[in-house]
There are 2 protein chains.
Amino acid sequence: MRHYKFHKERLRSSGLRPTKQRLAICKILFDRKETFHFTIEELKKIAEKNISLATLYNTVHAFKKSGYLKEISLKNKKTFFDTNTKNHHHFYDEELSKLIDIKNENISLNNLPEAPYGKKIKDVEILIRVANNNQKQKK
Amino acid sequence: MRHYKFHKERLRSSGLRPTKQRLAICKILFDRKETFHFTIEELKKIAEKNISLATLYNTVHAFKKSGYLKEISLKNKKTFFDTNTKNHHHFYDEELSKLIDIKNENISLNNLPEAPYGKKIKDVEILIRVANNNQKQKK
DNA sequence: CTTGTAGTTTAGAATGATTATAAACTGCTT
DNA sequence: AAGCAGTTTATAATCATTCTAAACTACAAG
Ligand SMILES: [Mn+2]
Ligand SMILES: [Mn+2]
Ligand SMILES: [Zn+2]
Ligand SMILES: [Zn+2]
């Protein structure tokens, strides 16, 4: 268990008890180099089989509330979560149901329109839908 | 019935029979000046009570397939539809669950990042989340 | 105008993701 | 070691959406 101590301390500092289940889920979600985008269903597939589905839901929501994860806007029926909690944007490959990060600095969004009266902007999410470069021409 | 003939002809030209139910739904959705953003539940509230829920779903999906409507990406559990089928973006007021259009030309998105290898960009959706301008200061 | 048929509507059942419930269990303080 | 709040779990409940299959209807053809 590599970052065991880190996870344990972070959980404690969020007021969450570092249980066996939570540490196992931390390992899956956060002990990796790249951003991880996942649905609960995918997490269930890779998690140890003795962690209940209810715990996966509970834990992911607790982690989201503590700011370890964020939720992504998609019209998919399943909710996606993202281990990258920085401001950033996404490519979405609908065929593969896969998200790919776009760093905030790799996309320039000048002159945002003004928020409606009495409202202020909380955040901006850009989703760029991509598909296979279908070079299926007539022939 | 104002645009009766228009709706009737448009339905026919899409291969859809202009039924009583479809014409009533067209009237609700399209006989208005402003874009209409709605969920099936909201449509049910304002539709004549003798149109079944199944027909609302069937009709909205048929209209989407025919290009009269588009679906909006949100992490809400309910699906939103939009009578504005042009390329455009949205403010989203999470408190009111309301979408507000942003015209494509009112937002400038320079230098899009390149699509992942073998993929091409289908479309870009920008969602700007807004909230009440809470001037609830300490006092 | 009839009739035939494909398209449409409908009530109700089924599905599937998510949330709620409440009992058993466990981390942690005393 | 004891006790309690926090956590896990199986299971039921919820709720949006989709499916089913029977009744209905628009409309083309005669
Ligand atoms: Mn959620
Ligand atoms: Mn849909
Ligand atoms: Zn991401
Ligand atoms: Zn819109």
Side-chain angles (χ1 to χ4, degrees), chain A residues 1 4-5 7-29 37-45 47-66 68-81 97, chain B residues 1 4-5 7-29 37-45 47-66 68-81 97:
Chain A
M1 290 198 185
Y4 190 78
K5 196 177 293 178
H7 293 135
K8 211 160 169 174
E9 283 165 11
R10 183 164 68 152
L11 286 166
R12 282 226 181 77
S13 81
S14 305
L16 297 172
R17 289 189 181 167
T19 63
K20 187 159 45 63
Q21 292 87 342
R22 284 175 177 159
L23 287 167
I25 294 169
C26 279
K27 233 186 136 200
I28 292 170
L29 299 184
H37 300 107
F38 64 98
T39 62
I40 299 284
E41 192 192 28
E42 287 160 5
L43 179 57
K44 188 168 73 158
K45 280 198 206 116
E48 300 167 36
K49 295 303 167 287
N50 55 349
I51 300 184
S52 77
L53 182 60
T55 296
L56 297 178
Y57 275 99
N58 289 342
T59 302
V60 165
H61 282 122
F63 287 4
K64 182 189 162 193
K65 189 179 293 182
S66 294
Y68 309 170
L69 292 174
K70 67 180 195 178
E71 205 179 321
I72 305 297
S73 298
L74 283 183
K75 60 185 167 217
N76 207 304
K77 51 219 89 187
K78 290 180 202 158
T79 300
F80 271 80
F81 294 93
S97 282
Chain B
M1 290 198 183
Y4 191 78
K5 198 177 292 178
H7 293 135
K8 210 159 169 176
E9 282 165 13
R10 184 164 69 153
L11 287 166
R12 283 228 180 77
S13 81
S14 305
L16 298 171
R17 287 188 183 169
T19 63
K20 185 157 47 62
Q21 292 88 342
R22 284 176 177 158
L23 287 167
I25 294 170
C26 278
K27 234 186 135 201
I28 293 170
L29 300 183
H37 299 106
F38 65 98
T39 62
I40 297 285
E41 192 191 28
E42 288 160 5
L43 179 56
K44 187 168 74 159
K45 280 199 208 115
E48 300 169 34
K49 295 302 167 289
N50 55 349
I51 299 183
S52 77
L53 182 60
T55 295
L56 297 178
Y57 276 98
N58 289 342
T59 302
V60 165
H61 281 122
F63 286 4
K64 182 188 161 195
K65 189 179 294 185
S66 295
Y68 308 171
L69 292 172
K70 70 181 194 177
E71 205 178 322
I72 304 297
S73 298
L74 283 182
K75 62 186 164 214
N76 207 303
K77 51 218 90 188
K78 290 179 202 159
T79 300
F80 271 81
F81 294 91
S97 281

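Here is how names work: the chains are called A, B, and so on, in the same order as the sequence lines, proteins then strands, and each is numbered from 1. Quick caveat, the model's predicted, so the values are computed rather than measured.
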Roughly, in whole Å, what's the span from [atom1] in [X] to [atom2] in [N]?
X	N	atom1	atom2	result
L74(B)	dA16(D)	CG	P	15 Å
K44(B)	dT10(C)	NZ	P	13 Å
K20(B)	dA26(D)	NZ	C1'	12 Å
K65(B)	dG7(C)	NZ	C1'	13 Å
L11(A)	dC28(C)	CG	C1'	15 Å
I25(B)	dT8(C)	CD1	P	13 Å
E42(B)	dC15(D)	CD	P	17 Å
K49(B)	dA11(C)	NZ	P	14 Å

side-chain N/O [X] vs [N] OP1/OP2, d < 4.0 Å:
X	N	value
H61(B)	dT17(D)	no
Q21(B)	dT25(D)	no
K78(B)	dA16(D)	yes
R22(B)	dT9(C)	yes
R12(A)	dC28(C)	yes
T79(A)	dA17(C)	no
Y57(B)	dT18(D)	no

Counting side-chain heavy atoms from C-beta on, which of dA11(C), dT8(C), dG6(D) comes nearest to R17(B)?
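The answer is dT8(C), which lies nearest to the side chain.
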Of all the choices, dT9(C), dT7(D), dT18(C), which nucleotide is nearest to the side chain of S52(B) once you look at every atom?
dT9(C)
For a 4.5 angstrom cut-off between non-hydrogen side-chain atoms, does L53(B) reach I40(B)?
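When only atoms from C-beta onward are counted, I40(B) and L53(B) do touch, with a gap below 4.5 Å.
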Just so I know, are the side chains of L69(A) and F38(A) near enough to count as touching, which here means a heavy-atom distance under 4.5 Å?
yes
Mutual orientation of the aromatic rings belonging to H61(B) and F81(B) [parallel < 30°, tilted 30-60°, perpendicular > 60°]:
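Correct class here is perpendicular.
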Under 4.0 Å, heavy atoms only, any strand: does T55(A) hit a base, just the sugar-phosphate, or nothing?
base
Using a heavy-atom cut-off of under 4.0 Å over every strand shown, decide if N50(A) touches base, sugar-phosphate, or nothing.
sugar-phosphate
Between L16(B) and L53(B), which is nearer to the 5' end of DNA chain D once each is assigned its nearest nucleotide?
L53(B)
Is there a donor-acceptor pair under 3.5 Å between the side chain of R12(B) and the backbone N or O of P18(B)?
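No, because the side chain of R12(B) does not come within donor-acceptor range (under 3.5 Å) of the backbone of P18(B).
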Please check this pair: side chain of K77(B) against backbone of K75(B), looking for a donor-acceptor N/O pair closer than 3.5 Å.
no
